[in-house]
Amino acid sequence: MIEKGVFVAPVPLGLVGLWTTVLFWPNSIEFLGLTFTPWTILTVVALAFYVYKSIPSSMNLAPLVEAELTRLRQHSQPQHQPELSTAHLFPISAESRPASKDIRVLTYNLYLRPPFINSNGNDWKNERLHEFIKLLPEYDVVCLQEVFALGSRRQDKLVKAARQQGFHVVKCIPPPFLSLKFIDAGVLIRSRFPVVECDGHIYTSGHQIDFYASKQVIYAKVEISPARFVHIFTTHMQASYYENEDHVNVKNDSIRYTQVQEMIDFARKKVGADAQSPIILSGDFNAPAREEPHDGTRSSRVYIEMMDLIRSTFSDHHVSDALHESVGEHPVTYGDVIFDVATGARRPRELVLTNTADYCCQLCIDYMIWLAPRNNDSSIEPVRLVPNSTRVEPFFIDPTIGPYKFDQLSDHYGISSVLRA
């Protein structure tokens, strides 16, 4: 789907159902014959802000109405596809192509949640996005999570920056029409190379706040050079929370395992019989790879089951956890610590963005999984992962660049790999 011209701010009718629910939520307040709750006020303010930011006051509404009707007709079809940015309409200049045969790939949860949602009072979304955009030219393929469109123009700003640099951008499937899943998935794929095919799959279930999000996996078939492709997938899966009771997280874990199955089945369908091209499964899986928080050398049961499932589905590919193979353990990607050698004490590495309940959790939940063809019958040499090139990217902030109160770009670390064509 390619959109040009005015920006259309879709507000799915599923919001009506949510508003009705929160309007009569228990512990509500009666005033002047009306029922109010904090969620009611928050929802109304968020909607007003969304409309204000999305539609300039000078805009002629007639084109908006026609565009919205066209959008609804398109979304009423049984199959949806992610949006491919108009960046692909413009030729990529020679200057924007990689100078060498090395291709840098990044996956990163950027932690740009909708307005009014933060962990510690302020998470400095605009400032962090401003700094991250400066890093975009350093990578040839970027897979992003938690770059939400709901309620702000931050996702638009990021996509616009990519377009100006001549990149292709694959956006997620919009929230379903007439659904309570009114929050977009917030996942993107940006590529320096042409995207010849894109698609997405919205997961069938979610729990807690994720119930209202259109969490999904998106796909881009990237043409590195003529007839040489890489199948790229990125996702953000169901979360579990330390403040939950055990039985709640048991359900979250079960849903996430179902989402892993759906992602793998979707990837198998999209790749089809192509046993000659490599595959990347990336993103914030929210599946802890470590058996114990303080020990990255032992793999959790969840991780082992997930990797076994991927290997059994893609028997025509060699499956590897690129980060684990590079560093020999499961490094922390969320909730890192600073270790005091003298006292043996651990304290949180990051205090501004991370949820206080997650301090020192030392999780490895972000992934760059590489699937290499086992047999290459083609005369064209496939793209390869450079051994030991995958690493954690903390994206710490240089304190000299500005008066920021945060010291890293996200509550997560990124993961980067180098491919060679």
Side-chain angles (χ1 to χ4, degrees), residues 106-113 117-135 138-139 142-147 236-237 239-244 249 282-300 302-303 321-324 326-368 390-417:
L106 172 73
T107 180
Y108 194 29
N109 181 325
L110 197 48
Y111 194 57
L112 297 179
R113 297 185 293 179
I117 301 177
N118 59 74
S119 297
N120 303 313
N122 191 340
D123 54 17
W124 311 97
K125 297 179 179 73
N126 293 330
E127 293 83 356
R128 292 187 292 109
L129 176 60
H130 175 74
E131 294 299 329
F132 178 73
I133 287 176
K134 297 177 183 178
L135 300 175
E138 297 184 15
Y139 298 93
V142 178
C143 301
L144 293 173
Q145 305 87 46
E146 287 201 25
V147 184
H236 187 198
M237 295 185 183
S240 296
Y241 303 94
Y242 279 99
E243 58 264 40
N244 281 344
N249 276 339
S282 70
D284 177 0
F285 291 10
N286 274 312
R290 293 177 156 215
E291 178 67 22
E292 298 291 340
H294 306 324
D295 183 4
T297 62
R298 292 187 297 160
S299 299
S300 70
V302 170
Y303 172 83
D321 178 346
L323 183 59
H324 183 265
S326 286
V327 302
E329 63 175 13
H330 302 292
V332 172
T333 64
Y334 177 78
D336 204 359
V337 300
I338 295 175
F339 182 71
D340 189 325
V341 178
T343 65
R346 291 176 171 85
R347 59 185 177 87
R349 172 65 183 77
E350 197 283 321
L351 299 171
V352 177
L353 306 177
T354 307
N355 189 322
T356 54
D358 297 341
Y359 283 173
C360 301
C361 61
Q362 295 181 262
L363 294 176
C364 180
I365 54 178
D366 301 270
Y367 292 89
M368 183 86 74
T390 305
R391 65 184 187 184
V392 168
E393 299 285 1
F395 292 118
F396 295 137
I397 292 293
D398 183 349
T400 65
I401 66 174
Y404 294 137
K405 295 185 178 181
F406 52 91
D407 55 12
Q408 60 190 57
L409 287 183
S410 174
D411 59 342
H412 284 245
Y413 294 158
I415 301 174
S416 68
S417 293

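Keep in mind that what you see is a predicted model, and the values were worked out from it rather than measured. All residue numbers in this chain count up from 1 along the given sequence.
Proximity of N120 to V352: side-chain heavy atoms (C-beta onward) are nowhere separated by under 4.5 Å. Taking the side chain as every heavy atom from C-beta outward, L129 and L112 approach each other to under 4.5 Å. Using a 4.5 Å cut-off on side-chain heavy atoms (C-beta onward), S326 and M368 make no contact. Taking the side chain as every heavy atom from C-beta outward, I365 and F285 never approach each other to under 4.5 Å. Considering only heavy atoms from C-beta on, N118 stays 4.5 Å or farther from W124 through its side chain. L353 has its side chain within reach of R128: a pair of non-hydrogen atoms, C-beta onward, lies under 4.5 Å apart. For the pair D366/T107, no side-chain contact is recorded, criterion being any heavy-atom separation below 4.5 Å from C-beta on. With a 4.5 Å cut-off on side-chain heavy atoms, R298 and H330 do not count as touching.
A side-chain N or O of E393 and one of S416 form a donor-acceptor pair less than 3.5 Å apart. Looking at E146 and S410, their side chains never bring a donor and an acceptor atom within 3.5 Å of each other. Between the side chains of H324 and E329, no donor-acceptor pair is found at a separation under 3.5 Å. Checked by atom type, the side-chain pair S119/N355 shows no donor-acceptor distance below 3.5 Å.
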Steps toward side chain to side chain contact (heavy atoms under 4.5 Å, CB included) verdict (L409, I397): CA-CA 7 Å; L409 287 183; I397 292 293; 3.3 Å; yes
Starting from the C-alpha separation in whole Å, work towards a yes-or-no answer on side chain to side chain contact (heavy atoms under 4.5 Å, CB included) for H294 and R346. CA-CA 10 Å; H294 306 324; R346 291 176 171 85; 3.6 Å; yes
Full working for side chain to side chain contact (heavy atoms under 4.5 Å, CB included) between Q362 and V337: CA-CA 7 Å; Q362 295 181 262; V337 300; 3.7 Å; yes
Show your reasoning for whether side-chain hydrogen bond (donor to acceptor under 3.5 Å, both in side chains) applies to Y241 and D358. CA-CA 8 Å; Y241 303 94; D358 297 341; over 6 Å; no
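Of the possible donor and acceptor atoms, one in the side chain of Y359 sits under 3.5 Å from a partner among the backbone N and O of L351. In this structure, the side chain of S282 does not engage the main chain of Y367 through any donor-acceptor pair within 3.5 Å.
Residues forming a ring pair (Phe, Tyr, Trp, His ring centres under 6.0 Å) with Y111 (at least two apart in sequence, or on another chain): none. For Y334, the ring pair (Phe, Tyr, Trp, His ring centres under 6.0 Å) partners at least two apart in sequence or on another chain are H412. By the side chain to side chain contact (heavy atoms under 4.5 Å, CB included) test, K134 pairs with H130, E131, sequence neighbours left out. Applying the salt bridge (charged side-chain N to carboxylate O under 4.0 Å, His left out) test to R349 and every residue at least two apart in sequence or in another chain returns D407. For Y413, the side chain to side chain donor-acceptor pair (under 3.5 Å) criterion is met by D336, not counting sequence neighbours.
For P293 against C361, the heavy-atom pair with the smallest separation is CB-O, 3.5 Å. The minimum heavy-atom distance between F339 and G344, with the atom names listed, is CE1-O, 3.5 Å. What you find for I415 and L323 is that their closest heavy atoms are CD1-CD2, 3.7 Å. A322 and T390 make their closest contact through CB-OG1, 3.3 Å (heavy atoms, listed as atom of the first residue, atom of the second, distance). For the pair T333 and C364, the tightest heavy-atom approach, listed with the atom from each and the gap, is OG1-CA, 3.7 Å.
The structure places CG of N286 at 9.0 Å from CG of L363, a figure rounded to the nearest 0.5 Å. Note: R347 CZ to D340 CG = 8.0 Å, rounded to the nearest 0.5 Å. Between T354 atom OG1 and F406 atom CZ the span is 13.5 Å, to the nearest 0.5 Å.
Sorted by first and then second residue, the salt bridge (Lys or Arg N to Asp or Glu O under 4.0 Å) pairs with a member in residues 284-294 form an empty list; sequence neighbours excluded.
Ring geometry for F132 against Y108 counts as tilted: the plane angle lies between 30° and 60°, on a 0 to 90° scale.
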